[in-house]
Amino acid sequence: MRTLGLQLDDRRMADDPFDLEPELEAGVPAVAAPGEVDEAEWLQRMRHSAAHVLAQVVLEMFPEGKIAIGPPIDTGFYYDFDLPRPLTPEDLSQIQKRMRKEMGRNHRFVWEEISVDEARDRFADQPFKQELIDQFSLDSDRLGICTHAAFTDLCRGGHVESTRQIGPFRLTSVAGAYWRGDERRPQLQRVYGALFATKEELDAHFQRIEEAQRRDHRRLGRELDLFAFDELVGAGVPLLLPDGAIVRQEMERLIRELQEARGYREVWTGHLARGELFRRSGHLENYSDVMYPAMREHDEHRNGSEDDEDGEAYFLKPMNCPLHMTLYNHSLHSYRELPLRYAEYTTLYRYEKSGQLSGLTRVRSLTQDDCHIFITPDQITDEVARVLELVQTLFTTYGMPNFRYELSLPGEGGKYVDDPQAWSIAVTALRDALDKAGIDYVEQQGEAAFYGPKADLFVSDVMGREWQLSTIQLDLIQPARLGCVYVADNGERRTPVVIHRAIHGSFERFMGILIEHYAGAFPLWLAPTQARCIPIADRHQEWADEVARELREAGLRVDVDDGNERMQAKIRNGQRRKIPYLLVIGDREVEARSAAVRVRNGEDLGAMPLDQIREMLTQLKASRANEPA
RNA sequence: GCCGGCGUAGCUCAGUGGUAGAGCAACGGUUUCGUAAACCGUAGGCCGAGGGUUCGAAUCCCCCCGCCGGCUCCA
């Protein structure tokens, strides 16, 4: 079997896989007959049961293997193993075959409760199970086990009656996964399987994956000549081709317009700064692992001591905040000037670990639509509301309604700045602003930045992976560390609160998401080529050129396909290029000073006078309508 | 960073130790056509980089780089 190596939505498990309560809720049978539980529960049970069969077969093939956990997930199941050697794709198909055979043998699942001591005994040679027993025995002196064939697993139940009731499945991939999700602990081999109630649903699942692959921005970026990566340039450094650069420019144009209208002022701070700046801001201390290493001055100019190396060195900036705060400090500000909004669109450099890189969505050179807003503490709620309005406006413009917010709060531990009162004010203000805007969000403990709480907006890519785009962060510490002050109405000097915020997040990541959102078919205002003239024969060339010229004069991006292919081929090419409008020009159109308008979706609007076409396209462009679909 | 897979023409992919291939794209010519592929021809490669084994390496081994999936991380 060929490994598909793809999972949709794996991460979104219904339950914590380690929350293996030894007993099910009252009335829910550990082993259920068909019809005894609802469809969704039955599916979960088939998946969970399949995981047990997987473990059975793997242990038969590797008797010295150690088993960890094997929960159901959104698309099937997985099981984690510690085995003497890595599993190959051939092993996977072998395992799959044996699983099917075992299922055909119709083993019954038998669930029972045993004492902790008995459990320790039964799983004597299973260290991971021993650890789970340690955990569960804190809450209960009885533990569940489930047996089918000659295989017994520590298990809270949730099975079908017998292995023949397990639905159609396919093993999809094997991947490394740390025990208990902790990278300091052993890395296990995780075998993933897809399982659905029917063969049709299983096929539909793989169909969905194929469709997802077709709109993957990495693939579309190549097909549409939007961007490229090159080994010689370096991993994680996206290169925009002319068409990709147009999309990027339109995104920048949009956010500049929106921000200028909301009182933002654009600044520019370049790409480098001395280590001393990042030391004072706290970045070197907290984030040196994602900063590129120091760039030293040439030896003959160096005068720093060994202790002071970082302070004397230069660093590529990983964020703009210290620079914006430095700019702020170039004059003394009155409370009357606040909020003061510094916007910047320059590239940041972060050393993302190689395994984290992913197309445009995770890169090492990224360009934020970044801004730092200096405010007084009592302006927090209002200003956050203004930022939320901006976010809503942007996502509405792109026609992207499917996002979710997360409110990230401090957790336990020393990572956070110790000022409980400031945290409390900031968290309350942020929560209020979200509530007032009527935004749904989930609160996440321990996800805050070291300097303050934040509200982040997440969107899923076509493969089901979630990416953070917009972020609104309250900063309670950096302004003080960098000596920012404003003069209050009583003449006192006070430290401003700073809101760090990015709306697109990074243009790179957002472009990746956008490409997938539109499946490469950008609305007119974003489309690299907005219309293409297609002369049917050479004698139509002149009028086609004229149409293109006039539309370009109206500010539209229009080209002419003057190749010697047949019209049908030109239409096909234009369509594959996902150009919003194709303007077909033959004898009739030359005669009538018109063009036949074909929309990207195949719709034929018929011949329209040039003036009307220009009017329609400029209108669409100006309104940034999400058209044509 | 870790585990696994992969790297051959611009793209998609054949080629498992003995002279590097196909389709599409590109380019040249012919064709001048009414809404998703006209025809003929030409060119295109340090088989990701380096090292090794061998009479001989795209093919086997080592190391590096990159890509893909997952894990972990993400100011």
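Labels below follow one simple rule: chain letters A, B, ... track the order of the sequence lines, proteins then strands, and each chain is numbered from 1.
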Which sits closer to the 5' end of RNA chain B, A:Glu352 or A:Gln189, going by the nucleotide each is nearest to?
A:Gln189

Closest-nucleotide 5' rank along RNA chain B - winner of A:Gly355 and A:Phe229:
A:Gly355

Could you check whether [X] gets within reach of a base, just the sugar-phosphate, or nothing at all, counting any heavy atom under 4.0 Å?
| X | result |
| --- | --- |
| A:Gln468 | nothing |
| A:Ala175 | base |
| A:Pro318 | base |
| A:Lys570 | nothing |
| A:His500 | nothing |

Just checking, any donor-acceptor pair under 3.5 angstrom between side chains of [X] and [Y]?
| X | Y | value |
| --- | --- | --- |
| A:His372 | A:Asn320 | no |
| A:Asp80 | A:Trp179 | no |
| A:His324 | A:Glu344 | yes |
| A:Tyr192 | A:Arg190 | yes |
| A:Ser365 | A:Thr347 | no |

Please report the distance, rounded to the nearest Å, between [atom1] in [X] and [atom2] in [N].
| X | N | atom1 | atom2 | value |
| --- | --- | --- | --- | --- |
| A:Met463 | B:rC67 | CE | C1' | 14 Å |
| A:Asp289 | B:rG1 | CG | P | 13 Å |
| A:Trp179 | B:rC2 | CH2 | C1' | 18 Å |
| A:Leu360 | B:rC68 | CG | P | 11 Å |
| A:His283 | B:rC74 | NE2 | P | 15 Å |
| A:Leu224 | B:rA25 | CG | P | 16 Å |
| A:Arg184 | B:rC2 | CZ | C1' | 15 Å |
| A:Asp225 | B:rA25 | CG | C1' | 11 Å |

Searching all strands shown, indicate the nucleotide that pairs with B:rG23 (Watson-Crick or G-U wobble; both distances under 3.5 Å).
B:rC11

According to the Watson-Crick and G-U wobble definitions, with both distances under 3.5 Å, which nucleotide is paired to B:rG56?
none

Considering only atom [atom1], compute the distance from [N] to [M] and round it to an integer number of Å.
| N | M | atom1 | result |
| --- | --- | --- | --- |
| B:rG51 | B:rU59 | P | 14 Å |
| B:rU72 | B:rA20 | P | 47 Å |
| B:rA26 | B:rC33 | P | 22 Å |
| B:rG56 | B:rG17 | C1' | 8 Å |
| B:rG52 | B:rG15 | P | 29 Å |
| B:rG7 | B:rC55 | C1' | 29 Å |
| B:rA36 | B:rG48 | P | 40 Å |
| B:rC27 | B:rG10 | C1' | 13 Å |

Residue A:Arg362, side-chain heavy atoms: nucleotide from B:rG5, B:rG1, B:rC74 that is nearest
B:rC74

Among B:rG69, B:rU72, B:rC11, the nucleotide that comes nearest once only the side chain of A:Arg222 is considered:
B:rC11

Anything under 30° is parallel, anything over 60° is perpendicular, the rest tilted; go ahead and classify A:Phe450 against A:His283.
perpendicular

Evaluate the ring planes of A:Tyr345 and A:Phe507, with Trp represented by its six-membered ring, and classify them as parallel (under 30°), tilted (30 to 60°) or perpendicular (over 60°).
tilted

Which residue is it: A:Tyr78, A:Phe169, A:Phe81? I am looking for the one with a side-chain contact (heavy atoms from CB on, under 4.5 Å) to A:Leu54.
A:Phe81

Counting just side-chain N and O atoms, does [X] come under 4.0 Å of either OP1 or OP2 of [N]?
| X | N | answer |
| --- | --- | --- |
| A:Tyr192 | B:rC71 | yes |
| A:Arg219 | B:rC68 | no |
| A:Ser173 | B:rG70 | no |

Decide yes or no, distance alone: a donor-acceptor N/O pair under 3.5 angstrom between the base of [N] and the side-chain of [X].
| X | N | value |
| --- | --- | --- |
| A:Tyr178 | B:rG1 | yes |
| A:Glu183 | B:rC2 | no |
| A:Gln356 | B:rU72 | yes |

A:Tyr314 meets the ring pair (Phe, Tyr, Trp, His ring centres under 6.0 Å) criterion, sequence neighbours left out, with none

Take nucleotides 30-47 of chain B nucleotide by nucleotide from the 5' end and write B, S or -, depending on whether a protein heavy atom sits under 4.0 Å from the base, only from the sugar-phosphate, or from neither.
BBBBBBBBB---------

Do we get A:Arg364 above A:Tyr351's six-membered ring, with its NZ or CZ under 6.0 Å from the centre and within 45° of the axis?
yes

